[in-house]
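I have placed the structure first, in the form of structure tokens, so that the comments after it can refer back to it.
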Amino acid sequence: MTSLLTPRDDYRGSGLVFPDGFTFGSATASYQIEGAAAEDGRTPSIWDTFSKTPGRVWNGDTGDVACDHYHRVDEDLDLMSDLGLEAYRFSIAWPRIVPAASGEVNQAGIDFYSRLVDGLLERGIRPVATLYHWDLPQYLEDAGGWTSRATTDAFERYAEIMGTALGDRVHTWTTLNEPWCSAYLGYGQGGHAPGRHEPASALSAVHHLNLAHGRALQALRATSTGDPDYSVTLNFHVLRGQGDGAAEAMRRIDALANRAFTGPMLRGEYPADLLEDTASVTDWGFVQDGDLATIAQPIDVLGVNYYSTATVRLWDGVSPKQQNDGHKGAAGGTAWPGSDQLVEFVEQPGPYTAMGWNIAPEGLEELLVSLSEQFPEQALMVTENGAAFEDEVAADGAVHDVERTDYLRRHFTAAHRAIERGVDLRGYFVWSLLDNFEWGYGYAKRFGIVRVDFDDLARTVKDSGLWYRELIRTRTVEG
Ligand code: FCB
């Protein structure tokens with residue numbers, strides 16, 4: 001589907017006022033910013049192992065130091081306050097909390113997040129805590145990782161520990177961030193930790209992540225003494241189709257990427273076409289009686305991460321296959337078990353960000369409207385949106401990141417249009433507060449609205465951060 005752009009459709013809105021109650025935030029993730037990888041009892045996660053394996057991450061970068069947020073948390077809290085953030089989405093490093101297979105709880109790890117939460121509340125910023133943004137303890141991966149059902153037991157227990165520790169103060173609990181990446185990139189395509197190339201394992205990881213989500217929600221609800229909201233964050237594929245088999249190609253990828261998660265989580269079932277498409281890869285024997293009911297716990301808000309669109313078509317099986325899936329690069333395996341020999345991902349029309357991702361604000365509006373049509377009762381929140389560009393530091397030390405500001409303005413405009421069309425959109429978190437460790441790309445890609453100098457770790461608010469501060473202050477999108 002291509003859209004004909006009229007002048008109104010450059011998505012550069014002006015004078016658009018966001019409703020009261022709409023939350024403006026920013027997001028980060030533990031491994032990407034914390035550093036202090038071996039301090040206060042933390043043990044390695046799969047990302048420590050992966051990043052230290054030669055050839056896995058650009059430039060051999062690791063999260064050992066990252067933004068050193070672990071030691072600079074007060075400075076970073078003050079930054080958030082200066083920007084006027086209303087909420088902060090962070091993630092908890094599981095290996096700080098339960099560092100060893102013995103299951104012993106590490107109080108120093110809990111204390112760190114407890115201080116962070118208190119620091120946010122003191123500044124009037126709502127804590128939005130994600131339990132799993134990809135840093136699986138290495139000892140769990142050694143025992144099978146997300147292909148093992150025992151990992152869901154461990155996750156439930158970890159959720160119980162965190163619910164007990166922070167459930168009196170956290171505003172929103174998020175179980176998982178982008179399980180699509182954990183399962184398909186981690187176990188199928190291999191571009192993410194643990195870097196496995198096993199199509200059947202990717203699907204078993206899908207199920208165990210779904211199950212972990214449901215079990216964690218139960219544990220968080222049982223232990224949180226405050227009145228938190230409960231949620232999960234998914235990265236939806238907004239698809240365009242090409243050629244004769246466009247509809248079939250889109251259906252297949254929609255099943256694997258989107259409905260493999262929304263099906264069990266929000267409808268209590270795996271889509272029949274997904275099971276059929278993947279029958280040659282697995283019989284889904286890892287789904288046990290009662291699992292689907294466990295997974296389908298109610299959530300208060302569905303987190304939506306959106307960056308760009310993807311175009312697919314049926315592959316003719318002869319010409320060289322394009323695999324521009326626009327997300328995190330190719331790494332030899334397949335992110336599309338059961339459909340990798342049938343579907344190809346083709347070049348997106350530009351312009352592009354520094355990740356090579358196409359800029360398509362209309363995709364965000366379309367996604368939000370489509371989700372609210374599919375799940376009319378479900379409140380939504382954009383838990384990530386943002387862009388990497390080649391930032392330059394001007395002579396006066398400022399970063400005039402006009403492209404990022406423009407990207408954000410256009411996507412906030414898209415969100416505003418979705419609200420005008422009746423979508424129950426509760427908030428928006430810019431990815432990211434800080435330049436940080438961008439997974440397979442290391443420190444080469446900068447998404448922050450605050451620059452981090454990776455030599456001296458100094459923070460500088462970029463022009464996009466100043467623009468965002470004004471948006472939050474006035475609640476109005478301006479040029
Ligand atoms: C998302 C991840 C986040 C960051 C952005 C750019 O897939 O959740 O950690 O890497 O992409």
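All of these numbers come straight from a predicted model, not from anything done at the bench. In each ligand, atom 1 is the first atom listed, and ligand 1 is the first ligand listed.
Taking 4.5 Å as the limit, every side-chain heavy atom of Asp463 sits out of range of all side-chain heavy atoms of Val399.
When each atom of ligand 1 is checked for a heavy atom of Phe447 under 4.0 Å away, the hits are 6 (C). For ligand 1, the atoms sitting less than 4.0 Å from at least one non-hydrogen atom of Asn177 are 8 (O), numbered in the order shown with element in parentheses. Annotation for ligand 1: atoms under 4.0 Å from non-hydrogen atoms of His133 are 2 (C), 3 (C), 8 (O), 9 (O). Per-residue contacts place Trp134 under 4.0 angstrom from the following atoms of ligand 1 (heavy atoms of the residue considered): 2 (C), 7 (O), 8 (O).
Neither side chain, Tyr230 nor Thr174, offers a donor N or O lying under 3.5 Å from an acceptor on the other.
Checked by distance only, ligand 1 and Trp357 stay at 3.5 Å or farther apart across all their nitrogen or oxygen atoms. For ligand 1, one of its N or O atoms has an N or O atom of Glu178 under 3.5 Å away. Between Trp439 and ligand 1, a contact under 3.5 Å exists for at least one N or O pair.
Checked for salt-bridge contact, Arg196 and Glu141 meet the test: a charged N lies under 4.0 Å from a carboxylate O. The pair Asp118-Arg169 meets the salt-bridge criterion, with a side-chain N (NZ, NE, NH1 or NH2) lying under 4.0 Å from an Asp/Glu carboxylate O.
Residue contact annotation: Met355 has no non-hydrogen atom under 4.0 Å from ligand 1.
Looking at Glu384 against ligand 1, only its side chain comes within 4.0 Å, counting heavy atoms. Contact annotation for Asn235 and ligand 1: no heavy atom of the residue comes within less than 4.0 Å of the ligand.
With ring centers used as reference points, Phe454 lies 6.0 Å or more from Phe437. When ring centroids are compared, Phe236 and Tyr306 stay outside the 6.0 Å threshold.
Using bins of under 30°, 30° to 60° and over 60° for the plane-to-plane angle, the ring pair His237/Trp336 lands in the perpendicular bin.
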